[in-house]
Number of protein chains: 2
Amino acid sequence: MLPSSTVENYLKALYQAESSRTGKTLVPMGQLATAVGVAPGTATTMVKALAESGLVDYEPYVGVRLSSAGAKLAALVLRRHRLVEQFLVEVMGMSWAEVHEDAEQLEHVVSDRLVERMDAMLGHPSVDPHGDPIPTADGTIVAPDYGSLLTCPLTVTVTVTRVTDQDASFLRFLEKQDLKPGHALEVEARDSAADSVQLRTASGRQITIGTQAASKVLVQESS
Amino acid sequence: MLPSSTVENYLKALYQAESSRTGKTLVPMGQLATAVGVAPGTATTMVKALAESGLVDYEPYVGVRLSSAGAKLAALVLRRHRLVEQFLVEVMGMSWAEVHEDAEQLEHVVSDRLVERMDAMLGHPSVDPHGDPIPTADGTIVAPDYGSLLTCPLTVTVTVTRVTDQDASFLRFLEKQDLKPGHALEVEARDSAADSVQLRTASGRQITIGTQAASKVLVQESS
DNA sequence: CTTTATATTTTGAGTTGTCAAAACGAAACT
DNA sequence: AGTTTCGTTTTGACAACTCAAAATATAAAG
Ligand SMILES: [Mn+2]
Ligand SMILES: [Mn+2]
Ligand SMILES: [Mn+2]
Ligand SMILES: [Mn+2]
């Protein structure tokens, strides 16, 4: 039985929750419920069904984790989502700020045929417009472990590699400030009292953003 | 409330059932149920709900017909379906024989934004790869009323304009025989005893097909 | 005008996914 | 330990969609 859109959404949310988590701790129910956008009790019910199908491991009152079968399925959903986003930007000329919602629906219906065609047309990209890594067709994912504007070294040129937030207005803001993946900049200073980070772009412009925002912009030291 | 995929499928099936029907007779339940692929009782239940929502007019034991609101919605589903098919063929390079299944899913999730972008990218096509007319964004549809290989004049050059069957193997057959929309040919003879129609393509090749098949190939006299 | 055949509707039940609110377990405070 | 707090699970209910099979209406045939 092929997974429903609902099941795919739970697995994908779980995959992403596990990724943004230190160690191999289980994901607590509440977090999963929030991520999926559902009441806590609903998540419990669903997770029990997923455990029954062997897609997750579930420990009552502790949390839940993807099984290897579940992880593979989740990676394939993520592959579809990200290839669709890359396609919508590169081929359809849509903005990186507005493709997420479309991909959120399309990820459940694009056929393997269509996905592989998009992949080929795009030249087998390794990342999507937000820098998120695109899993391969067999469910393998290579996710370099970048630092953020909060953790990278100061006064050193870095390149934006990934943005871990899909909020359209945030993405539009980054675009306007030349902070899309690929752009170079350096972190001039951090002020924990002011809760801010001061940046200077390649063009010399200076920008100050909050630490919450800074933590969502991942970078790599320019080589 | 936006219509579910299920509702969209019922409306679309009804629209198509009405089109292939002489006069403004109501569509009988059984036919709708078959078209949607559901048990008769299921169709009855659904149609009552649709009537409640004002999308159809329902006369028990007689049949059902789209209201103007229902017809408009159906036309928009058809627009999405057909634009997607055209897109998959023209942009993605897929075969006209295999796009229907993909479109059947995509028609329910492509956003207005995406649809209009595809439409623009395709140069606002008036028909899809099968010659089916593409409704405009306001739900208007212009469907010229073509004859078929069964009804067109004999020994006169005609051009294929439309194929009213989505079966992949039938479409592959037509393609191999140069009977895709746009190709010219003439009907040499019809043999009602043999239940067959004899054609000659522009390249001079002679083909004999059954009347069932012939009725599904619509043509226009070449001007 | 009856009887029979056919199409349609009703009924009863099941599946999937959801919520609100009550019950409960584990952990944190006093 | 006793108690409050917080997250989690259970319970009861509901919405959307579906089927099989019984009941019924309509149409056709005798
Ligand atoms: Mn996304
Ligand atoms: Mn992305
Ligand atoms: Mn089609
Ligand atoms: Mn078509």
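Quick note on labels: first sequence line is chain A, next is B, and so on, each numbered from 1.
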>> Please determine whether side-chain contact (heavy atoms from CB on, under 4.5 Å) holds for the pair B:Val91 and B:Met118, giving the CA-CA distance in whole Å, both sets of side-chain angles, and the decisive distance to 0.1 Å.
In response: CA-CA 9 Å; B:Val91 177; B:Met118 292 191 311; over 6 Å; no
> Is there a side-chain contact (heavy atoms from CB on, under 4.5 Å) between A:Val187 and A:Leu150 once you walk through the steps?
Replying inline: CA-CA 9 Å; A:Val187 179; A:Leu150 259 193; over 6 Å; no
>> Looking at B:Ile141, is its backbone amide N or carbonyl O close enough to the side chain of B:Arg79 to form a donor-acceptor pair, meaning the two atoms are under 3.5 Å apart?
In response: no
Within the sub-3.5 Å range, which N or O atoms of nucleotides 16-20 of chain D have a protein N or O partner, and how far apart are they?
unit_1 : atom_1 : unit_2  : atom_2 : d
D:dC17 : OP1    : B:Ser4  : OG     : 2.6
D:dT18 : OP2    : B:Tyr10 : OH     : 3.2
D:dC19 : OP2    : B:Ala39 : N      : 2.9
D:dC19 : OP2    : B:Thr42 : OG1    : 2.6

> Whole Å only: how far is the OH atom of A:Tyr61 from the P atom of D:dC6?
Replying inline: 17 Å
> Of the candidate nucleotides D:dT10, D:dT24, D:dT9, which contains the atom at the shortest distance from the side chain of A:Lys48?
Replying inline: D:dT10
> Which one of A:Arg82, A:Lys12, A:Arg80 satisfies the side-chain hydrogen bond (donor to acceptor under 3.5 Å, both in side chains) criterion with A:Glu107?
Replying inline: A:Lys12
>> With heavy atoms of chain B within less than 4.0 Å as the criterion, where does contact along DNA chain C begin and end?
In response: C:dT8 to C:dT10
>> Treating B:Ser4 as the side-chain partner and B:Val7 as the backbone partner, does any N or O pair qualify as donor plus acceptor under 3.5 Å?
In response: yes
>> Without decimals, in angstroms, what is the distance between B:Glu59 CD and D:dA25 P?
In response: 17 Å
> Can you tell me if B:His130 uses its side chain to pair, donor with acceptor, with the backbone of B:Trp96 under 3.5 Å?
Replying inline: yes
>> Please tell me if A:Tyr58 has a side-chain N or O lying less than 4.0 Å from either OP1 or OP2 of D:dT9.
In response: yes
>> Is it the case that the side chain of B:Ser196 and the backbone of B:Thr208 share a donor-acceptor pair, with hydrogens and angles ignored and the cut-off at 3.5 Å?
In response: no
> Under 3.5 Å, is there a donor-acceptor pair linking the side chains of B:His108 and B:Asn9?
Replying inline: yes
